[in-house]
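Here is the structure we will look at, set down as structure tokens.
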Amino acid sequence: MKDEKTLLEEFQSKIDKGIKIEPKDWMPEKYRKQLIRMMSQHAHSEIVGMLPEGNWITRAPSLRRKAILLAKVQDEAGHGMYLYSATETLGIDRSELLEQLHTGKAKYSSIFNYPTLTWADIGAIGWLVDGAAIMNQTALAKGSYGPYSRAMVRICKEESFHNRQGYEIMCSLAFGSEEQKQMAQDALNRWWWPAIMMLGPSDDSSPNSDELMRWKVKMESNDAIRERFIDRTVPQADYIGLTIPDPDLMFNKETGHYKHGPINWEEFFNVIKGNGPCNKIRLKARVDADRNGRWVREATEAYAAKKRIVNS
Amino acid sequence: MDKQKALFQYCLRLADSSLIMGQRLSEWCGHGPVLEEDIALTNIALDLVGQATAILNYAGKVEGKGHTEDDLAFLRPEREFRNVLLAEQPNGDYAFTIARQFLFDVYQYYYYQSLQKSKDETLSALSEKSLKEVTYHLRHTSQWMLRLGDGTPESHERVQRAINELWMFTGDLFDMDEVDALLLKEGVSIDLKEVKGKWENHVAELLEKATLQLPVQTFMQAGSRAGKHTEHLGFLLAEMQYLQRTYPDVKW
Ligand SMILES: [Fe+2]
Ligand SMILES: [Fe+2]
Ligand SMILES: [Fe+2]
């Protein structure tokens with residue numbers, strides 16, 4: 001039996017060589033825990049994220065938009081399922097993870113605690129929220145844990161469709177009637193900062209542990225990802241004639257990057273803590289779905305058990 | 001009534017039933033009993049909305065007034081909707097939704113099977129495509145009927161109650177009027193009496209397998225053929241049509 005130190009060295013050298021860590025491989029307990037936390041948070045975000053957009057399926061303004069939105073929200077359910085399965089490879093099961101969500105022990109992305117007030121919000125979510133998620137997830141796809149990184153590769157492909165359909169909605173609105181244009185600008189005003197914040201606290205208040213970087217659990221700093229997101233999104237807003245609600249936003253010719261104004265972190269931490277406008281109704285919707293579904297799941301089990309007896 | 005007018009009506013019946021059922025199912029999105037069912041119900045809803053879109057597009061051409069599928073879906077008032085009464089019934093609990101969907105799936109299954117042979121090429125092609133989808137829907141809801149019927153006492157009781165409550169809306173599925181008479185003569189539409197026979201056998205057989213009782217003959221509601229609906233439809237349409245009605249003549 002190898003000692004811990006040797007195992008850790010082997011583990012690190014695999015990661016350095018770009019070899020993925022697989023479920024049966026040895027891994028430090030801290031690595032496993034951190035991944036469970038990150039991956040389940042991600043899975044929960046996919047599922048809770050269905051709610052604000054699901055709101056608008058029944059009100060979508062055309063049959064085509066309805067079908068696209070249905071398909072999009074269905075994808076998110078698929079992402080959730082896929083991520084729960086990937087998390088299960090670390091030795092924890094879905095029911096336990098859901099329990100953590102329902103009791104408020106586990107977190108999900110702060111962004112889904114904001115309300116979808118108009119149809120334009122559906123455009124803004126696809127454009128900004130899926131857009132920010134892609135930035136984060138393309139980084140995570142290079143991470144060291146095999147099942148997570150493969151999940152990210154697969155999910156990212158669908159996210160870019162989500163991002164496009166969102167931007168397309170924004171385009172139709174921005175190039176539409178005066179009222180539609182206002183609706184689009186209003187949605188951008190409300191979603192911009194939450195989207196900027198969903199990429200996580202800035203690096204000075206949340207220094208990335210060297211260890212997580214070394215283990216390739218975390219691939220890039222929050223601020224670096226945020227910068228890429230802003231660089232990509234600002235020209236898109238310009239193109240459709242919408243204004244980013246940040247008076248301090250500036251293009252820095254020397255660095256070639258945009259610099260944003262001050263972020264209201266107090267709001268962010270409050271939303272994380274449960275004080276966002278929709279934290280309570282989002283969680284309640286999930287808890288209710290779980291509670292109302294209990295007899296269905298029991299029936300499924302009872303029926304399967306009967307069939308097993310018959311078949312044996 | 002001439003053939004074009006009858007065909008327009010006929011298309012609306014088909015399309016509206018799929019559309020309203022799809023609309024109801026999509027209310028579940030994000031609230032299903034398990035994630036897998038969120039995905040499955042959304043899938044069925046997507047197929048149904050797709051069917052409705054294709055048929056409404058055709059209906060617009062048949063009508064010849066330049067209406068698009070969206071005009072027909074979002075700008076007709078309650079009394080012009082022709083969906084079967086069954087489709088507009090609210091979701092209730094999961095057993096109610098599954099029972100409603102199952103009864104509808106069996107109906108669509110035999111309906112499209114028959115309509116595949118229509119002399120109207122568009123309807124025939126759409127039926128062939130839709131039948132593939134419906135075959136999958138029916139398999140899915142049949143499995144759930146068995147699970148719920150033969151699962152726990154609670155699930156059995158819930159799904160039995162659902163079937164009993166929905167039963168009075170099943171007569172409406174097979175009502176025929178002058179539209180049917182005219183198009184049947186032309187070889188365009190189908191004989192719903194035949195569909196009814198097959199539907200009854202299929203439903204009876206599955207209910208028995210699921211240890212459920214076939215409801216006793218009840219008084220049947222009627223009216224969808226003439227756009228006489230239950231109170232539920234108006235609310236559903238108010239929600240579905242609100243954006244198109246609030247902001248007329250814009251593109252989305
Ligand atoms: Fe995501
Ligand atoms: Fe996703
Ligand atoms: Fe997405």
Side-chain angles (χ1 to χ4, degrees), chain A residues 43 46-67 69-71 73-78 80-81 84 94 98 118-119 169 172-173 175-177 179-180 183 285-286 288-307, chain B residues 19 22-43 45-46 49-50 52-53 56-57 68-70 72-74 93-95 98 143-144 146-156 158-159 210 236 239-244 246-247 249-252:
Chain A
E46 302 282 355
I47 301 312
V48 177
M50 293 169 73
L51 298 168
E53 287 183 288
N55 271 340
W56 280 89
I57 294 173
T58 55
R59 288 177 288 174
S62 72
L63 293 169
R64 179 170 164 265
R65 292 287 177 214
K66 192 187 288 293
L69 186 56
L70 268 166
V73 180
Q74 185 190 35
D75 281 351
E76 306 300 3
M81 242 169 66
Y84 283 126
R94 202 209 284 187
L98 288 176
T118 72
W119 170 251
I169 291 175
S172 330
L173 297 175
F175 295 132
S177 71
E179 283 171 310
Q180 284 177 306
M183 198 190 275
R286 289 316 312 163
D288 286 350
D290 184 68
R291 196 174 295 156
N292 295 333
R294 191 169 300 149
W295 67 268
V296 180
R297 296 189 298 273
E298 283 166 4
T300 306
E301 278 166 34
Y303 180 75
K306 283 184 199 173
K307 293 293 124 181
Chain B
L19 177 60
Q23 177 78 1
R24 278 292 184 224
L25 283 182
S26 52
E27 291 170 17
W28 272 102
C29 197
H31 306 277
V34 281
L35 212 38
E36 284 78 355
E37 272 315 279
D38 263 324
I39 294 176
L41 289 188
T42 314
N43 241 326
L46 259 173
V49 172
T53 307
L56 284 177
N57 179 285
T68 66
E69 58 269 35
D70 284 331
L72 291 173
F74 295 98
D93 64 6
Y94 198 66
I98 287 294
Q143 279 163 0
W144 273 106
L146 294 173
R147 274 182 211 128
L148 298 181
D150 197 13
T152 61
E154 181 179 3
S155 69
H156 178 91
R158 281 176 186 261
V159 73
L236 182 147
E239 184 173 338
M240 185 173 90
Q241 299 182 334
Y242 120 86
L243 272 173
Q244 287 255 354
T246 313
Y247 305 97
D249 301 322
V250 298
K251 286 209 175 61
W252 297 97

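All chains are named by letter (A, B, ...) in the order of the sequence lines, taking the proteins before the strands, and each is independently numbered beginning at 1.
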Looking at A:Lys66 and B:Val49, what are the two nearest heavy atoms and their distance?
CD-CG2, 4.1 Å
Could you tell me which portion of A:Leu98 (side chain, backbone, both or neither) has an atom closer than 4.5 angstrom to a non-hydrogen atom of chain B?
neither
Max heavy-atom pair count under 4.5 Å with chain A, selected residue of B:Thr152, B:Asp93, B:Ile98:
B:Thr152
Determine, for B:Arg158 against A:Glu298, whether the closest basic-nitrogen to carboxylate-oxygen distance falls under 4.0 angstrom.
no
Between atom CD of B:Glu154 and atom CZ of A:Arg294, what is the distance when rounded to the nearest 0.5 Å?
10.5 Å
Between B:Asp70, B:Thr68, B:Thr53, who has the most heavy-atom pairs with chain A when the cutoff is under 4.5 Å?
B:Asp70
Could you check whether any side-chain heavy atom of A:Val73 comes within less than 4.5 Å of a side-chain heavy atom of B:Thr42, counting everything from C-beta outward?
no
Find out whether A:Glu179 and B:Val250 are in side-chain contact, i.e. whether some heavy atom of one side chain is under 4.5 Å from a heavy atom of the other.
no
A:Ala289 and B:Gly32 have their tightest heavy-atom pair at CB-O, 3.8 Å
With a 4.5 angstrom heavy-atom cut-off, could you sort out which part of B:Glu36 is near chain A: side chain, backbone, both or neither?
both
Given that the side chain runs from C-beta out, which part of B:Asn43 has a heavy atom under 4.5 Å from chain A: side chain, backbone, both or neither?
both
Treating A:Asn292 as the side-chain partner and B:Pro33 as the backbone partner, does any N or O pair qualify as donor plus acceptor under 3.5 Å?
no
Name the region of A:Leu173, side chain, backbone, both or neither, that has any atom closer than 4.5 Å to a heavy atom of chain B.
side chain
What distance separates B:Asp38 CG from A:Glu76 CD, expressed to the nearest 0.5 Å?
12.5 Å
Please report the shortest heavy-atom distance between B:Leu35 and A:Ala77, naming the atom on each side.
CG-O, 4.0 Å
Which atoms of A:Tyr84 come close to chain B, meaning under 4.5 Å heavy atom to heavy atom: side chain ones, backbone ones, both, or neither?
side chain
Heavy-atom proximity to chain B below 4.5 Å, by part of A:Leu63:
both
Option that, when pairs with chain B are counted at under 4.5 Å, heavy atom only, ranks first among A:Ala299, A:Gly293, A:Gly49:
A:Ala299
Contact origin within B:Leu56 toward chain A - heavy atom pairs under 4.5 Å
side chain
Considering only heavy atoms from C-beta outward, does the side chain of B:Glu69 approach that of A:Arg64 to under 4.5 Å?
no
Taking atom NZ of A:Lys306 and atom CG of B:Leu146, what is their separation to the nearest 0.5 Å?
11.0 Å
Sort B:Leu19 into side chain, backbone, both or neither according to what part of it lies under 4.5 angstrom from a heavy atom of chain A.
side chain
In Å and rounded to the nearest 0.5 Å, what is the CZ to OG1 distance from A:Arg59 to B:Thr246?
11.0 Å
B:Lys251 vs A:Gln180, side-chain contact (heavy atoms from CB on, under 4.5 Å): CA-CA, chis, key distance, verdict
CA-CA 9 Å; B:Lys251 286 209 175 61; A:Gln180 284 177 306; 5.7 Å; no
At a heavy-atom separation under 4.5 Å, does B:Ala73 approach chain A through its side chain, its backbone, both, or neither?
side chain
Winner by heavy-atom pair count (cut-off under 4.5 Å) against chain B, out of A:Gly80, A:Pro61, A:Gly176, A:Ser177:
A:Pro61
Is it the backbone or the side chain of B:Asp150 that comes under 4.5 Å from a heavy atom of chain A, or both, or neither?
both
Closest non-hydrogen atoms of A:Ala285 and B:His31, given as atom of the first, atom of the second and distance, are CB-CE1, 4.1 Å
Would you name the heavy atoms of B:Phe74 and A:Ser62 that are closest together and state the gap between them?
CE1-CA, 3.5 Å
Full working for side-chain contact (heavy atoms from CB on, under 4.5 Å) between B:Tyr242 and A:Thr58:
CA-CA 10 Å; B:Tyr242 120 86; A:Thr58 55; over 6 Å; no
Closest non-hydrogen atom pair between B:Ser26 and A:Ile57, with its separation
CB-CG2, 3.5 Å
Checking heavy atoms, do the side chain of B:Trp144, its backbone, both or neither come under 4.5 Å from chain A?
side chain
Part of A:Ala60 within contact of chain B (heavy atom distance under 4.5 Å)
backbone
Can you tell me which portion of B:Gln244 sits under 4.5 Å from chain A's heavy atoms? Options are side chain, backbone, both or neither.
side chain
If we ignore hydrogens and angles and just use 3.5 Å, is the side chain of A:Arg286 paired with the main-chain N or O of B:Gly30 as donor and acceptor?
yes
Between A:Ile169 and B:Trp252, is a side-chain contact (heavy atoms from CB on, under 4.5 Å) present by the stated rule, with each step listed?
CA-CA 7 Å; A:Ile169 291 175; B:Trp252 297 97; over 6 Å; no
